[in-house]
Each structure stands twice: as structure tokens, then as C-alpha cells.
Amino acid sequence: MEHSLGEDSIPGSGSFDKSRVLNVKPLRSLVPVFPSAPNGSSFSTPQGGAPFVCATPSGPFPNGACPFFPFFTSDSQRPPEQNTSAAANQGGPFGFSNPISNAVPINSFRTPTPTRAGRAQQHTGVANGDTGSGSSRRVTRSRAQTEDGYSENQNQVSEYYGTDGTEVEERGKVGRPKRKAQKRISGGGGKHANVPSDADIDMVVDKIQTSFNDKFGQTEGDRASVEYLTMMYDLFRRRVLQADDLKDAVPGLSRRPDLRAGTLFLNKGIRANSKKRIGTVPGVEVGDIFFFRMELCLVGLHAPSMAGIDYMGIKNTGEEEPLAVSIVSSGGYEDYAEDPDVLIYSGQGGVNRRDKELSDQKLERGNLALEKSTHRANDVRVIRGVKDLSTVSGKIYVYDGLYRINESWTEKAKNGCSVFKYKLVRMPGQPEAFRIWKSIEQWKGGATSRVGVILPDLTSGEEKLPVSLVNDVDDEKGPAHFTYTSILKYSNPINSTVPSSGCVCIGGCLSGNSNCPCLEKNKGSLPYTANGLIVSQKSLLHECGASCQCPPNCKNRVSQSGLKFHLEVFKTKDRGWGLRSWDPIRAGAFICEYAGEVISPSKIDKFGVDTDDDYTFDATRNSQPLGVLPGEPDEAPKIPFPLVISAKYAGNVARFMNHSCSPNVLWQPISRENKNESDIHIAFYAVRHIPPMTELTYDYGIISQDDADQRKKKCLCGSSRCRGFFYQ
DNA sequence: ACTGATCAGTTGTAT
DNA sequence: ACAACTGATCAGTGA
């Protein structure tokens with residue numbers, strides 16, 4: 001199926017479909033950039049075609065662009081080591097005799113209009129009118145490269161000069177000013193005491209801006225800043241969503257917290273990599289996942305908020321030409337995207353959004369840039385949309401690394417209009433990304449089986465979903481014996497100080513219901529978004545419980561719904577057994593609770609079982625809150641008694657989560673309404689979006705007692721901010 | 001529960 | 001001003 005689809009799209013390949021061939025017109029043919037597709041691609045590339053014959057169906061290239069490319073060097077001339085991810089990380093294309101300036105501030109491709117861009121100039125001090133065609137004042141400068149290819153621009157001054165010739169600061173930390181005032185119904189939130197007003201929202205952004213600049217004001221883009229940025233974005237988005245949920249929905253007024261949060265961030269300059277560039281984006285890793293187009297924009301991966309092709313003007317010898325820098329393939333057009341290393345991408349246009357008239361695609365904008373990039377063989381970042389039924393949009397964006405355009409052509413679509421097609425081939429040596437998704441799809445469908453599976457379900461049916469036990473690194477057959485339980489067991493009931501009778505929300509607790517005692521305990525608002533994401537970390541989160549009359553699917557029972565992701569317990573290389581997920585996990589999602597037996601801290605002292613018990617959760621330790629917006633009350637976990645859980649003999653998946661000094665999972669104490677008994681649980685939520693097969697880790701916290709040294713272990717988390725040790 | 005249609009909304013680029 | 005592979009919502013269909 002895949003095969004025939006692929007061949008259908010390739011002129012000159014094996015199968016011969018007359019009706020198709022008649023419709024296929026080669027845009028041009030040239031010596032393939034790659035002698036053969038890497039990694040055994042199922043695609044065959046036409047070999048030995050006429051070199052550099054340019055035959056566009058729509059006539060000569062506009063703008064005097066030359067179809068011949070003197071900078072193009074043949075593949076054999078390229079240094080072999082550049083065919084690696086290290087080369088891919090250099091950030092620039094090879095095959096050019098001259099290094100090209102490949103970082104340009106977004107919003108500065110062309111001469112700005114005096115209206116909007118002029119305003120931006122005024123506010124930001126960025127003179128960005130000179131990077132367009134005919135520019136002669138741009139100063140190119142080779143960037144210092146670190147070992148992993150990230151540019152070291154800690155003290156980077158502007159690469160650009162102002163229109164008057166004076167040098168201007170361009171940190172990219174200040175975005176363009178607000179254009180139009182947002183169309184919002186103001187005052188709509190006044191009904192409830194704790195509804196954040198628009199002014200409150202603005203204040204939060206200001207604090208995020210300050211916090212972001214304090215932490216990363218000197219960096220243009222690195223892993224830590226990108227992680228912080230994406231984490232803050234979704235935290236803020238969830239906060240805006242919560243505020244919207246509390247307001248009465250206004251029919252017709254679309255609720256787009258993703259856009260609102262994104263716009264506010266961009267306007268405040270809360271973004272990474274504001275310079276457009278070819279190749280790798282500092283701080284963004286192959287395999288990173290995103291849930292909104294705005295996120296791609298914020299981290300500097302792909303600037304347009306909707307368009308699938310991002311491009312920039314590159315001047316090499318006199319003529320400036322547009323080159324593609326990144327594309328998003330997410331199902332809007334008929335792309336062929338089954339092969340993990342090859343992507344047949346459709347050009348843009350041909351569809352009128354208003355009247356839905358169809359027409360031939362034109363060789364302009366993104367299509368022209370892709371065409372130029374085909375000749376120039378520059379790296380193009382590829383973001384693939386993958387199907388995901390858990391999201392409302394139905395897809396997740398996966399950054400799949402650098403590709404190069406191998407060839408291009410036009411073909412007639414079913415509707416008779418001509419469409420541009422571009423064949424992109426993945427650069428070898430990059431970490432797996434989309435390929436992992438394809439593998440998991442096959443594991444789940446049973447088409448292929450996961451290598452190294454010891455047990456398909458170590459919970460023996462205790463959980464709703466199976467948890468695989470996998471070892472693909474050595475011979476160990478599994479962790480020491482334990483009993484799987486999904487329950488937290490209180491051996492000695494601890495009397496609660498505050499008895500509660502729960503709520504009577506028969507249809508489930510609704511955000512905005514000021515009569516619900518459970519919501520009141522959470523300062524008046526539902527602590528989760530409507531789709532079950534935690535809004536922010538709290539000292540104690542109050543869920544509905546046994547004494548509540550709301551149904552099990554109540555929005556305030558998120559941590560009681562069991563596993564929602566297919567997890568696997570796997571053998572790590574150097575840290576024993578660990579936990580990871582086959583499914584993507586979005587920021588704020590509930591992962592699991594910590595099951596086991598509640599033990600009293602005094603008990604472990606007396607019996608001395610603490611030091612050899614690797615499977616405890618100790619809520620009395622100190623740790624940094626991770627899911628809190630700057631400026632919000634930053635309270636430590638507040639549990640009415642010193643809670644310690646042992647999962648040595650009985651526990652769930654949580655016992656396998658390792659420590660990290662920069663974790664992707666946070667823990668949160670949950671109180672469930674249960675009359676006179678304390679029903680405190682520990683629940684884990686994703687700090688940020690977690691790609692499939694990424695190890696799940698949380699911060700074990702700091703012990704301040706005297707006996708701390710007994711539990712001190714060398715930390716192997718590998719984070720750049722590693723403390724060097726952790727407490728077992 | 002899915003699917004398609006509809007529509008407000010955003011960005012960078014082009015005129 | 002405009003194009004653009006958004007994303008939320010709502011009506012309709014279906015088990």
C-alpha cells in the first residue's frame with residue numbers, strides 16, 4: 001500500500017500507470033543530490049538524468065533567477081564527515097563556496113511597510129529594513145561554534161546595522177508591539193472572585209517576561225531556555241484556558257488560548273531564536289514534540305502561524321534568492337509521508353480559502369523557495385504532523401530534523417489542477433524521531449513486536465492499560481520481585497483535621513459553580529482544564545472523593561482515572577530500571593500516582609529499613625516547584641502529616657521512575673474528599689511535552705536531616721544543571 | 001463517538 | 001492587504 005503510493009508519486013519509478021504518467025510533467029531534472037536514498041529508502045531516484053535542465057511549466061524563473069547554480073558542488077566533492085548530524089548541526093548548508101549568512105531576524109525579510117513594521121522598528125529599536133533584496137549593509141559574521149554545533153552567542157552583538165548605518169542592539173528579547181487591541185469581552189470574568197481578568201493575565205505575562213529575561217536574557221537559544229519557554233507557554237496557556245472556562249462562553253467568540261498566549265509571548269519578546277536561520281535551531285532537539293503551531297513559532301523552528309513553508313532571503317553573489325528553511329507536513333495537502341526518511345511534500349496554494357475555488361499552484365512564495373532550495377541543496381527542517389486522537393486538532397507536531405530536497409516536479413491533482421511536489425530526504429546520522437512513532441504504531445497494531453520484551457504486561461491486568469517490561473541492553477530478566485498494586489494503602493488510618501462531607505454535583509463538578517465545596521477548596525476554580533490537564537502546581541490539590549456525589553468521570557477526579565498512556569518499564573544503560581511511555585504525553589497531563597504502603601518516618605528510623613529500600617517516596621523532602629507561573633504563590637507541598645510511601649514490596653509503575661535534576665515530571669499531593677479519613681495521594685504530572693520513549697523522571701528532592709548522607713547517591717541524570725548527587 | 005463544515009484569528013510577506 | 005497544511009465548535013450521522 002505504502003509502496004504503490006510512493007511509486008505513484010515518483011515520475012520514472014517502477015510502476016507504470018498511464019493515466020498518471022500523462023499528468024506528470026517533470027519540472028526539471030538534474031543530477032540527483034544524493035546518489036541513492038539513504039537507509040534503504042523504498043524510493044528509487046532517477047539516475048543519470050540530464051544535468052541542470054530547467055524546464056518549468058510556468059516559464060522562466062521570475063525575478064531573473066538563474067536556473068544554473070555555480071555554487072553547487074557535486075556530492076562527491078563534499079567532505080564525507082559532513083554527512084553526519086554534527087555537520088547537520090553546523091547550522092548552515094554545505095556545498096557553498098562562500099558561507100552564507102543564515103540567521104536573519106524574523107519579520108525582516110523584506111522592506112517593512114511604514115505602518116506595521118515601522119511601528120515595530122520604533123518600539124524595538126530594530127532596524128530591519130535592510131535585509132531584503134538589494135540589501136548591502138547586512139554584516140555577515142561567522143558564529144562561534146561549540147562542540148555540539150550550537151552557536152555561542154552569549155555576548156553576541158547585533159549582526160545588523162540600522163538604516164542610518166549605526167549599529168543597533170538586537171537581542172530579540174523584545175517583540176513587536178501589540179498591533180490591534182485584542183477583541184475581547186472585558187469584564188466578563190467579574191462574576192467569580194477568582195477569575196483572572198485580562199489585566200491579571202497581562203500582569204502574569206510581565207512576570208514571565210521578567211523571569212525569562214533574568215534567566216536567559218543573555219542567551220539567544222539553548223536547551224534550558226527552550227525547555228523553560230515551552231513549559232511556561234503551556235502553563236500560561238492552561239491558565240488562560242482556565243480563565244476562559246470560568247467565563248460564560250460567548251457564542252461566536254472563538255476561544256484560542258494557544259493564540260492568545262502565543263501572541264502575548266511574542267509581543268513581549270518571550271521567545272527563543274528570534275533570528276531565522278537555515279539548519280539546526282539551538283535548543284531544539286530532533287524528536288521534540290509540539291501541540292500548537294504557536295509553539296513552533298516561539299522556539300524559532302517555524303515562523304508562520306499557519307503556512308506550511310517558511311523561507312528567507314539569502315544573498316550569496318549579488319542576487320538574493322528565497323530559500324526554504326522549514327516545512328510542516330500535517331495532512332492539509334496530499335503529501336506522501338509514510339517513509340521515515342523520505343517525504344513527498346506538496347507545494348502551497350491552489351486553494352482559495354474564501355470561495356474554495358481550486359486553481360493551479362504558482363511558482364511563488366514557499367513554492368519558489370523550495371524550488372531554489374532544491375538547487376542549492378540547503379538543509380530544510382521538517383516538522384511532521386502525526387495523528388493523535390487525544391487532541392482536539394487530532395495531531396501532534398514532531399520535529400524530525402534536517403532534510404534536503406532531492407528533486408521537484410509538478411503533477412495533476414485529482415481535481416485537474418497542477419500541484420508542485422518536492423521530494424525531501426532525511427539527512428543521515430540524526431537521532432530517530434518520526435521513525436520511533438512509526439515503530440510504536442506497529443508495536444501497537446501487532447505488525448511487529450517490540451525487541452526485548454520480557455513481559456507484555458507486568459501489572460497482570462491490574463491497570464487499564466498494559467505496562468511492558470523491556471530489556472534491550474543486557475541480560476537482566478527483570479527487577480527484584482514485588483507485588484503490583486495500583487492502590488495506596490494506609491495501614492493505620494490517620495485522622496483528618498478537617499472533616500468534609502464532599503460535594504453534591506450530580507452531573508459532575510463544573511468550573512464556575514461557586515456552590516461546590518470541592519472547587520471552593522481549590523480557591524474557587526477547577527484545578528484542571530476541561531480536558532484534564534493540571535492548571536498549576538499547588539501545595540495541596542483537592543479532588544472529589546468517596547464522600548462526594550459526583551460521578552467518576554467528574555472533571556475533578558483526574559488522578560483517579562488510572563493510566564492513560566501505554567508505559568513501559570525498561571532497563572536503562574546505567575541507572576537500573578526506568579519508566580517511559582510509548583505515547584506522547586503533553587504538559588500538565590496526569591501520568592500516575594505513587595502506589596504502595598504508607599509508612600511512618602519514625603518507623604523507618606527504628607527498623608533501619610530505609611537505607612536499603614530503593615523504592616520509597618518521601619513527601620517531606622524539599623524540592624523546587626516546577627509547574628507554577630512566576631509571581632504565583634510558590635508554596636511548598638502542604639500535607640497534614642509527614643507522608644512517606646514504601647513501594648518495596650508492593651507498588652505501581654511510579655516506583656520505577658528515576659531521579660533527575662532537570663525532570664520532566666512533577667509530583668503533586670492530592671487530597672480526596674473522604675469524610676474523616678485522610679485520603680492524601682501523590683500524583684505525577686508532565687512538566688512539559690514528553691516525546692514517546694523518553695525516560696520519565698522527577699526530582700527526588702533534598703533531605704535536610706542528619707542521616708541524609710546514608711541516602712546520598714551519585715547522580716547520573718546527565719542534565720546540564722545536575723547537582724551531582726541525589727537522595728535515594 | 002466520529003466527521004465535515006464553518007469561522008475567528010494569527011503570522012510574515014507582498015503590494 | 002493577503003495567503004496560509006489552525007484549531008475550537010457545532011451540526012449531522014452512526015453504533
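We use all heavy atoms of the structure for the numbers below, so side chains are in, but hydrogens, waters and symmetry mates are not.
Heavy atoms of A:Tyr345 sit under 4.0 angstrom from at least one base atom. Among the heavy atoms of the strands lying under 4.0 Å from A:Asp258 are primed sugar atoms or P, OP1, OP2 only; no base atom is included. At the heavy-atom level, A:Gly349 lies under 4.0 Å from the strands shown only through sugar-phosphate atoms. Here A:Gly308 lies in heavy-atom contact (under 4.0 Å) with sugar-phosphate atoms only.
Regarding A:Asn267, its CG atom lies at a distance of 11 Å from the C1' atom of B:dT10, rounded to whole Å. For the pair A:Tyr311 OH and B:dG12 C1', the interatomic distance rounds to 8 Å; values are reported in whole Å. The interatomic distance linking A:Arg255 (CZ) with B:dC7 (C1') rounds to 16 Å, in whole Å. Atom CZ of A:Arg293 and atom P of C:dA4 are 13 Å apart (whole Å). In this structure, CD of A:Gln348 is placed 17 Å from P of C:dC2, rounded to the nearest angstrom. With rounding to whole Å, A:Leu266 atom CG is found 17 Å from B:dG9 atom P. Whole-Å rounding puts the A:Asn531 CG to C:dT9 P distance at 10 Å. One atom, CE of A:Met306, and another, P of C:dA4, lie 11 Å apart when rounded to the nearest Å.
Here A:Asp198 pairs with A:Arg260 in a salt bridge; the nearest charged N to carboxylate O distance falls below 4.0 Å. A salt bridge between A:Asp339 and A:Arg435 is absent, with no side-chain N of the basic residue lying under 4.0 Å from a carboxylate O of the acidic one. For the pair A:Asp379 and A:Arg404, the salt-bridge criterion is met [side-chain N within less than 4.0 Å of a carboxylate O].
A:Lys421 and A:Thr410 form no side-chain donor-acceptor contact under 3.5 Å, judged by distance and modelled atom types alone. Side-chain polar atoms of A:Ser346 and A:Glu334 form no donor-acceptor pair below 3.5 angstrom.
Contact check, A:Ser346 against C:dC5: no side-chain N or O comes under 4.0 Å of OP1 or OP2. Residue A:Lys395 places at least one side-chain N or O under 4.0 Å from the OP1 or OP2 atom of C:dT6.
Base pairing annotation: C:dG7 forms a Watson-Crick or G-U wobble pair with B:dC7, both donor-acceptor distances under 3.5 Å.
Where A:Arg365 and A:Thr391 meet DNA chain C, the nucleotide closest to each residue was compared, and A:Arg365 sits on the side nearer the 5' end. Position along DNA chain B of the nearest nucleotide to A:Leu389 versus A:Met294 favours A:Leu389 as the more 5'-ward residue.
Nearest to the side-chain atoms of A:Lys276 among the listed nucleotides B:dT13, C:dC5, B:dA8 stands B:dT13.
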